[in-house]
Amino acid sequence: YDLAFLAMLLSREPECPTAHCRCPAHPIRGCDALEPQPAFDAAADLSVILTWWQLTDGVADHGFFRGLPYRAALLALSRAYRKARARRPGFDQRTRTHLEELARLEGERCPSMDRAADAFAALLAGAAEEEPDPVRRRVLEQLSQLLYHLGRWIYLVDAADDLKKDVKSGSYNPLVYRFHAEGGTLTAEDRAALAATLDSSVRAMAAAFELADFGPWRAIIESVVYEGLYAVGAAVLNGTFHKGRRRKQRKAGA
């Protein structure tokens with residue numbers, strides 16, 4: 001979903017034409033899909049590159065036997081990764097650099113949630129550099145702040161959502177060290193402090209959003225920035241956000 005959002009930001013088309021096509025999910029009856037455009041290709045390449053390096057990190061973290069599923073996934077993805085890397089060498093290198101920095105901070109049990117979040121945020125912000133048009137790239141350089149704060153928000157919300165699980169497994173979570181949450185829960189004061197820093201990133205995203213015209217995507221992006229992020233952040237901090245249940249509801253048509 002992060003990269004679908006990026007595709008909307010990179011899109012330069014004034015309209016979103018669709019066509020009926022076949023796909024692996026609907027091989028017989030087909031489905032309506034958006035016509036191809038460069039922004040979608042860029043987002044797909046970036047998604048493959050990010051997945052490759054996350055799987056590589058999984059191999060390093062899980063040893064030989066537990067790392068076998070990651071190795072199998074890397075083998076299946078290798079051809080697509082080589083193509084994406086050839087088209088986006090700069091993003092590939094930046095992704096590797098930022099993830100290595102994040103791994104180093106995690107290995108050190110870095111107590112600063114801002115330093116840990118910055119590594120992932122800078123990675124996502126670098127996606128703005130994949131715009132080939134030099135005129136539009138200048139606009140996206142301003143909007144790189146939107147991507148930066150989106151990455152920061154995602155990292156910190158995931159940390160809050162995974163806090164209990166990470167404490168139980170012994171995995172690194174910056175909130176444990178920032179708020180002394182060794183028990184896996186945050187106090188009301190801690191939640192308020194985390195909500196304030198999350199909201200500051202959303203406000204920075206909103207300021208960047210107002211700088212550009214997103215054409216047919218404006219309403220969706222506006223809804224994400226002004227409503228969706230606040231709602232999800234509040235649900236995570238209140239303990240009412242359950243990803244598994246939401247998936248079941250979607251499958252059931254709820």
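These values consider heavy atoms only, across backbone and side chains, with no hydrogens, waters or symmetry-generated copies.
- Going from atom CG of L156 over to atom CG of N173 covers 9.5 Å, rounded to the nearest 0.5 Å.
- Atom CG of residue L163 and atom CG of residue D158 lie 12.5 Å apart, to the nearest 0.5 angstrom.
- Annotation: E210, atom CD; neighbour count of heavy atoms from other residues, nucleotides and ligands within 6.0 Å is above 12.
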D57 and Y70: side-chain contact (heavy atoms from CB on, under 4.5 Å), yes or no, with the steps?
CA-CA 9 Å; D57 188 56; Y70 295 92; over 6 Å; no
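- In this structure, a donor-acceptor pair under 3.5 Å is absent between the side chains of T56 and R96.
- With rounding to the nearest 0.5 Å, the separation of OG in S223 from CG in L229 is 9.5 Å.
- Inter-residue side-chain proximity for V232 and W153 is flagged as met; some heavy-atom pair is nearer than 4.5 Å.
- With rounding to the nearest 0.5 Å, the separation of CZ in R85 from NZ in K83 is 13.0 Å.
- Side-chain atoms of F91 and L123, non-hydrogen and from C-beta on, do get closer than 4.5 Å to each other.
- Taking CZ of R71 as the start and CZ of R66 as the end, the distance is 12.0 Å to the nearest 0.5 Å.
- Taking each heavy atom of P27 and R22 in turn, the nearest pair found is O-NH1, 3.1 Å.
- The shortest non-hydrogen separation linking R191 to L237 is CD-O, 3.0 Å.
- Criterion: ILVMFWY side-chain heavy atoms under 4.5 Å apart, direct or through other members. Under it, L175 and V157 are part of a common hydrophobic cluster.
- Contact annotation: the side chain of D199 approaches that of Y230 to within less than 4.5 Å [non-hydrogen atoms, C-beta and beyond].
- Between A119 and L102, the shortest heavy-atom distance links the atoms CB-CB, 4.0 Å.
- Using a 4.5 Å cut-off on side-chain heavy atoms (C-beta onward), Y172 and D166 make no contact.
- Between M113 and T197 there is a side-chain heavy-atom pair separated by less than 4.5 Å.
- A 4.5 Å side-chain heavy-atom check between F5 and L146 finds at least one atom pair inside the cut-off.
- Using a 4.5 Å heavy-atom cutoff, the side chains of M205 and S201 are not in contact.
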Just do the side-chain contact (heavy atoms from CB on, under 4.5 Å) check on T185 and K164 with the steps written out, would you?
CA-CA 7 Å; T185 58; K164 288 184 179 179; 3.8 Å; yes
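- At a threshold of 4.5 Å between non-hydrogen side-chain atoms, the residues R109 and Y177 count as touching.
- L147 and A125 make their closest contact through CB-CA, 3.7 Å (heavy atoms, listed as atom of the first residue, atom of the second, distance).
- Checked against ring-ring contact (aromatic ring centres under 6.0 Å, His included), W217 has no partners two or more places apart in sequence or in another chain.
- The distance from the CD1 atom of I221 to the OH atom of Y226 is 11.5 Å, given to the nearest 0.5 Å.
- Looking at residues two or more places apart in sequence or on another chain, you find a salt bridge (Lys or Arg N to Asp or Glu O under 4.0 Å) between E101 and R104.
- For residues 37-47, the side-chain hydrogen bond (donor to acceptor under 3.5 Å, both in side chains) pairs, not counting sequence neighbours, are S11-Q37, D45-R87, D45-R88.
- The hydrophobic cluster containing V225 also contains L9, counting ILVMFWY residues as joined when their side-chain heavy atoms lie under 4.5 angstrom apart, directly or transitively.
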Could you walk me through whether L3 and L50 satisfy the side-chain contact (heavy atoms from CB on, under 4.5 Å) test, starting with their C-alpha distance in whole Å, then the side-chain angles of each, then the deciding distance to 0.1 Å, before giving a yes or no?
CA-CA 10 Å; L3 275 297; L50 285 169; 3.7 Å; yes
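- Transitive grouping of hydrophobic side chains (ILVMFWY, heavy atoms separated by less than 4.5 Å) keeps Y148 and L10 in distinct clusters.
- L105 and I154 are members of different hydrophobic clusters when ILVMFWY side chains are connected at heavy-atom separations under 4.5 Å.
- Of all the heavy atoms in A193 and F179, the pair that sits closest is CB-CE2, 4.1 Å.
- Residues E35 and F40 approach most closely at O-CE1, 3.5 Å, considering heavy atoms.
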Could you walk me through whether D114 and R152 pass the salt bridge (charged side-chain N to carboxylate O under 4.0 Å, His left out) check?
CA-CA 8 Å; D114 288 322; R152 182 178 185 274; 2.8 Å; yes
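- A single hydrophobic cluster is seen to contain both L6 and F209, as judged by linkage of ILVMFWY side chains at heavy-atom distances under 4.5 Å, directly or through other members.
- Taking the six-membered ring for Trp and thresholds of 30 and 60 degrees, W52 and Y81 have nearly parallel ring planes, at less than 30 degrees apart.
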